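Read the structure below first, then the notes.
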Amino acid sequence: MNEGLDNKMEFRHIRPTAMRAIVLKLMMEKTAATSLPELENELESADKATLYRTLKTFEQNKLIHRINDGSGTLKYALCKDSCDCDVEDQHIHFHCTKCNGTFCLNDISIPKVILPSGFSLSGIDTVVNGVCSNCNNDA
Ligand SMILES: [Zn+2]
Ligand SMILES: [Zn+2]
Ligand SMILES: [Zn+2]
């Protein structure tokens with residue numbers, strides 16, 4: 001039943017466990033990025049430290065990427081299979097100011113950033129703010 005999930009984890013060299021499968025399944029069902037507090041809410045019986053470590057493992061193995069959308073809570077979204085989490089793989093994110101949802105705009109990559117000499121890059125957070133289609137339809 002969890003074969004698809006297990007394959008997805010094995011592809012990223014993650015040893016499948018029951019908890020990892022649960023978290024991955026939840027994340028695959030969502031259209032928006034998720035956060036640790038959100039996972040804690042939805043998986044009330046799960047051990048918080050285990051949840052945290054699960055996200056860390058997923059992130060280190062490039063199954064998910066971290067998003068800083070300026071809301072004060074770090075969010076996580078699934079990586080595409082081709083993603084290496086390099087600067088070239090990064091994309092713009094959309095943050096909805098109504099529902100606080102954050103979405104990957106996978107097709108819009110981040111422009112090349114040329115830094116002055118002596119500067120080095122550790123990451124880019126590009127977030128576009130607006131109202132998502134769900135919230136626009138609520139009106
Ligand atoms: Zn990635
Ligand atoms: Zn919204
Ligand atoms: Zn993303």
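In this text the structure is predicted, and so the values were computed from the model without any measurement. Ligands are counted one by one from 1 in listed order, and the atoms in each one are counted from 1 as well.
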### Message
For a distance under 2.8 Å, tell me if His65 has an N/O/S atom near the Zn ion (ligand 1).
### Response
no
### Task
Would you please test His93 and His95 for ring-ring contact (aromatic ring centres under 6.0 Å, His included) and show each step?
CA-CA 7 Å; His93 290 101; His95 175 241; over 10 Å; no
### Query
Under 3.5 Å, is there a donor-acceptor pair between the Ser35 and Lys75 side chains?
no
### Message
Is it true that Thr97 and Asn129 share a donor-acceptor pair across their side chains at a distance under 3.5 Å?
### Response
no
### Message
Under a 3.5 Å distance rule, please check whether Asn61 uses its side chain to pair with a backbone N or O of Leu63 as donor and acceptor.
### Response
no
### Query
From the Zn ion (ligand 2), how many protein N/O/S atoms are found at a distance short of 2.8 Å?
4
### Message
Name the residue from Asp125, Ile124, Ile67 that meets the side-chain contact (heavy atoms from CB on, under 4.5 Å) definition with Gln90.
### Response
Ile124
### Query
Under a 4.5 Å cut-off applied to non-hydrogen side-chain atoms, are Gln60 and Arg12 in contact?
no
### Message
Other residues, nucleotides and ligands only: do more than 12 of their heavy atoms fall within 6.0 Å of NZ on Lys48?
### Response
no
#### Entry: Opening angle at the Zn ion (ligand 3) [NE2, His91; NE2, His93; to 10 degrees]
100°
